[in-house]
Amino acid sequence: MAAPVPTGMLRLYFTVQNPVRTVDAFGQASVAWVSVGGIWGHAEQSRTTEVIDDGGIAARSDYRFLTGWHPQVTVNSRLLWQDGDSSRVFNIRTCHDRDQRRRRLEIEASEVME
């Protein structure tokens, strides 16, 4: 059974964003990201790989996050991590509430490289 995340590990603050899909006046679909809350957590890089992207080679960094439980975090969400003047965006690939007790989340996400 998984224990709650130790408070000392929760040093980073992430903004949780969920997509809102709309259609503009020309009938084109667009996606906007809306902040729905924030969570404290711990991040660790799990791996970096090279992927073929748009005809070229790009790097993809995968991270593992341990956070407290948040009801609006899903695989459609993303995490925004602001550190001083820089901000980083992570698209969530999986999120697990391992013990099903709504105490913590284990999130795997890929960093958006632009």
Q: Go through Trp69 and Arg103 one step at a time and tell me if the side-chain contact (heavy atoms from CB on, under 4.5 Å) criterion holds.
A: CA-CA 5 Å; Trp69 188 81; Arg103 296 185 342 185; 5.7 Å; no

Q. Can Tyr63 and Gln45 be said to form a side-chain contact (heavy atoms from CB on, under 4.5 Å), step by step?
A. CA-CA 4 Å; Tyr63 285 79; Gln45 188 171 7; 3.7 Å; yes

Under 3.5 Å, sequence neighbours excluded: what are the donor-acceptor pairs made by side chains of residues 24-32?
unit_1 : atom_1 : unit_2 : atom_2 : d
Asp24  : OD1    : Phe26  : N      : 3.0
Asp24  : OD1    : Gly27  : N      : 3.1
Asp24  : OD1    : Gln28  : N      : 2.8
Ser30  : OG     : Thr22  : OG1    : 3.1

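A pairwise comparison of heavy atoms in His70 and Gly37 identifies NE2-CA, 4.2 Å as the closest pair. Residue Gly41 comes nearest to Thr67 through the heavy atom pair CA-CG2, 3.9 Å, listed as atom of the first residue, atom of the second, then distance. In this structure, Ser61 and Thr48 approach most closely via the heavy-atom pair OG-OG1, 3.4 Å. Smallest separation of non-hydrogen atoms from His42 and Met9: CB-O, 3.4 Å.
In this structure, CZ on Arg64 lies 5.0 Å from CD on Glu44, to the nearest 0.5 angstrom. Separation of atoms CG (Leu80) and CZ (Arg88) is listed at 11.5 Å; rounding is to 0.5 Å. Taken to the nearest 0.5 Å, the CG atom of Leu79 stands 5.5 Å off from the CD1 atom of Ile39.
Ile107 is not connected to Trp33 by any chain of hydrophobic side-chain contacts under 4.5 Å among Ile, Leu, Val, Met, Phe, Trp and Tyr, and they are in different clusters.
Put simply, the side chain of Asp97 never gets that close to the backbone of Leu105: no donor and acceptor are under 3.5 Å apart. Judged by distance alone, the side chain of Asn18 and the main-chain N or O of Gln72 form a donor-acceptor pair under 3.5 Å.
Listed by chain and number, the hydrophobic cluster partners of Val20 are Val34, where partners are ILVMFWY side chains within reach of under 4.5 Å, directly or through others.
Here the side chains of Leu12 and Trp81 are in contact, with some heavy-atom distance below 4.5 Å.
Each of Phe14, Tyr13, Trp40 was compared with Phe65 under the ring pair (Phe, Tyr, Trp, His ring centres under 6.0 Å) criterion, and only Phe14 meets it.
Here Arg93 pairs with Arg47, Arg60, Asp62, Glu108, Ser110 under the side chain to side chain contact (heavy atoms under 4.5 Å, CB included) rule; sequence neighbours left out.
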